[in-house]
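The sequence lines fix the lettering, A, B, ..., with proteins before strands; numbering per chain opens at 1.
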Amino acid sequence: MNNLKFGNGKWEEEKRGDGVKWTFLEHKGPVFAPLYEPLPDDVGFYYDGKKMKLSLPAEEVATFYARMLDHDYTTRDVFNNNFFKDWRKMMTSEEKSTITDLKKCNFKQMYEYFKAKSEERKNMSKEEKKKIKTQNEAIQKEYGVCMMDGHKEKIGNFKIEPPGLFRGRGDHPKQGMLKMRINPEDVIINCSSDSKIPQPPAGHRWKKVLHDNKVTWLASWTENIQGQTKYVMLNAASKLKGEKDWQKYEIARKLHRTVDKIRAQYREDWKSKEMRIRQRAVALYFIDKLALRAGNEKEEGETADTVGCCSLRVEHIKLHDEFDGKENVVEFDFLGKDSIRYYNTVSVDKRVYKNLKIFMDNKQPGDDLFDRLNTSIMNKHLNNLMEGLTAKVFRTYNASKTLQEQLNLLTNPDDPVPAKLLSYNRANRAVAILCNHQRSVPKNFSKQMETLQTKIDAKKDNIRDAKKQLKEAKANFKASKNPKNKMVYEKKKKAVERLEEQLTKLEVQATDKDENKEIALGTSKLNYLDPRISVAWCKKCNVPLEKIYNKTHRAKFQWAIDMAGPDFEF
DNA sequence: TCATGCACTTAGGACAAAGGCC
DNA sequence: GGCCTTTGTCCTAAGTGCATGA
């Protein structure tokens with residue numbers, strides 16, 4: 001595989017096929033979570049109405065729960081049961097024999113204590129806040145950066161995750177379990193052998209020190225809930241990540257050039273005699289047309305029950321010969337990544353429809369829709385069609401292609417910048433809808449919409465008044481023709497124009513806000529849209545890049561800013 | 001072929017900081 | 001200047017996909 005590299009002030013290609021990621025890496029190791037601070041004596045835990053002094057380990061875990069008292073998590077049985085079970089493990093035998101029922105536990109004082117603390121933090125004086133900021137900056141300066149191959153690079157997550165209660169998403173069977181504190185003895189360090197090896201905190205030692213330059217991580221540990229490895233890695237703005245990102249979009253562009261052939265192929269495969277081929281072809285059609293995720297198998301009972309394309313079950317689709325005036329409609333309804341619901345009704349090709357009927361024949365709702373297919377089979381096939389092609393490339397490709405198309409379609413070169421930005425947001429939104437990037441409706445959304453509407457109405461009133469005044473001024477000026485009246489007239493005219501501009505801005509804002517209430521634009525912007533499309537659009541349309549990309553975006557996409565001129569096409 | 005481990009990208013929510021308004 | 005909304009950043013869970021070994 002070719003590595004794309006930034007060198008000599010421009011981007012160029014470099015061969016390095018051995019999987020080596022760096023030759024020199026030096027860092028200070030991760031920052032550990034602050035130690036537990038015991039509660040003051042007047043903050044009590046009550047069991048069955050009686051105050052009870054807990055042992056330190058039991059108290060610490062109790063505070064994890066207490067902090068979450070106003071969260072929906074603590075209303076769920078699974079969460080509560082998991083928490084209680086793990087909490088009891090941290091109790092002394094005495095505590096264990098006393099505390100047998102979570103319902104009799106009263107964490108109220110602890111909850112109030114933490115609430116007051118966070119209030120206190122908010123109300124800190126300017127000097128105190130500044131002091132904390134300075135301290136954080138010092139930590140960032142020492143632990144937040146590393147040296148990699150002669151470049152000083154920011155680290156993405158140099159702080160080790162603090163202990164707490166596991167917040168699995170959706171219907172997660174392990175939610176509420178105790179996520180243990182990580183100590184230096186749990187951490188593996190990775191760095192150059194000829195670098196200054198990071199020092200573990202006093203009195204501690206590392207689990208291991210590695211010098212593996214075939215991987216990009218600086219430190220790792222194993223988390224106790226799922227037994228998965230967690231990593232300390234570089235920030236997205238780093239050279240290493242930027243090059244990888246560029247590569248990703250280059251593969252997506254390569255797909256762009258050959259997708260017609262691939263589409264023709266899978267359409268042909270719908271007719272195959274072999275069931276496995278037809279299943280593969282129908283699934284690929286979904287991945288391409290609907291931007292579904294691949295859908296790896298998951299271990300049952302270990303995580304929330306979510307699916308992607310290859311793991312769809314019969315219960316996740318319904319077939320309608322006719323639906324809303326359309327023929328051969330597939331109704332999708334399933335939970336995807338992060339237990340976000342995917343609901344869509346799609347009119348599909350007749351052959352696809354017929355195939356789906358056959359795939360579902362004689363199956364139970366809980367059976368796999370594509371029983372002869374998995375992601376590994378799919379990706380092997382895709383790699384045969386195009387080197388480097390996998391299921392997820394289709395999401396990148398279709399997202400970027402959609403942005404490009406929508407921008408071409410929606411942008412009016414004569415529009416003022418705010419209107420162009422609305423067009424951009426709409427193009428971005430089309431992508432987010434395609435990829436099903438959702439968010440929960442912001443708190444106070446309807447109230448905010450109301451106040452915005454009130455503002456709009458008020459502005460309209462203003463305009464009406466201003467127009468009336470303008471008319472009078474015009475009449476006065478026409479009647480008398482004196483220069484003073486002319487000035488008044490011109491002033492009134494300007495005022496009307498300004499108000500109308502303000503109104504447009506408000507209306508645009510309202511439209512944008514409403515269309516956006518359940519859609520998250522950030523994910524596609526950050527992960528799916530070739531940044532060169534946006535950079536080129538800004539250059540071509542004379543829109544300042546800062547209107548589209550904030551500082552973090554610009555740092556992450558520096559490679560694209562350097563690379564793309566106004567004429568870049570995906 | 002299958003299960004499992006590993007390394008990496010993608011994801012939404014929480015929270016803090018900044019910005020706009022009265 | 002204080003309040004309230006908006007935006008940016010942090011956090012870490014949840015995916016993808018490849019390698020490995022039985």
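- Taking only side-chain nitrogens and oxygens, Thr390(A) never comes nearer than 4.0 Å to OP1 or OP2 of dT16(C).
- The phosphate of dG12(B) has OP1 or OP2 within less than 4.0 Å of a side-chain N or O from Thr523(A).
- Summarising the geometry, the separation between CG on Asp305(A) and P on dA14(C) is reported as 13 Å, rounded to the nearest angstrom.
- Regarding contacts with the backbone of dC8(B), a side-chain N or O of Lys21(A) is found under 4.0 angstrom from either OP1 or OP2.
- Distances shown here put a side-chain N or O of Lys298(A) below 4.0 Å from the OP1 or OP2 atom of dG15(C).
- Side-chain nitrogen and oxygen atoms of Lys179(A) include at least one within less than 4.0 Å of the OP1 or OP2 phosphate oxygen of dA13(C).
- A sub-4.0 Å separation between OP1 or OP2 of dT16(C) and a side-chain N or O of Asn296(A) is present.
- Put simply, Asn157(A) has no side-chain N or O that comes within less than 4.0 Å of OP1 or OP2 on dC11(C).
- Side-chain contact check for Tyr113(A) and Thr63(A): no donor-acceptor pair (N or O, by modelled atom type) lies under 3.5 Å.
- Contact between the side-chain N/O atoms of Lys392(A) and the OP1/OP2 oxygens of dT9(B) is not found at any separation under 4.0 Å.
- For dA11(B), the OP1/OP2 oxygens have a side-chain nitrogen or oxygen of Arg395(A) closer than 4.0 Å.
- For dG12(B), neither phosphate oxygen OP1 nor OP2 lies less than 4.0 angstrom from any side-chain nitrogen or oxygen of Arg167(A).
- Phosphate proximity of dT1(B) to Ser376(A): absent, as no side-chain N or O sits under 4.0 Å from OP1 or OP2.
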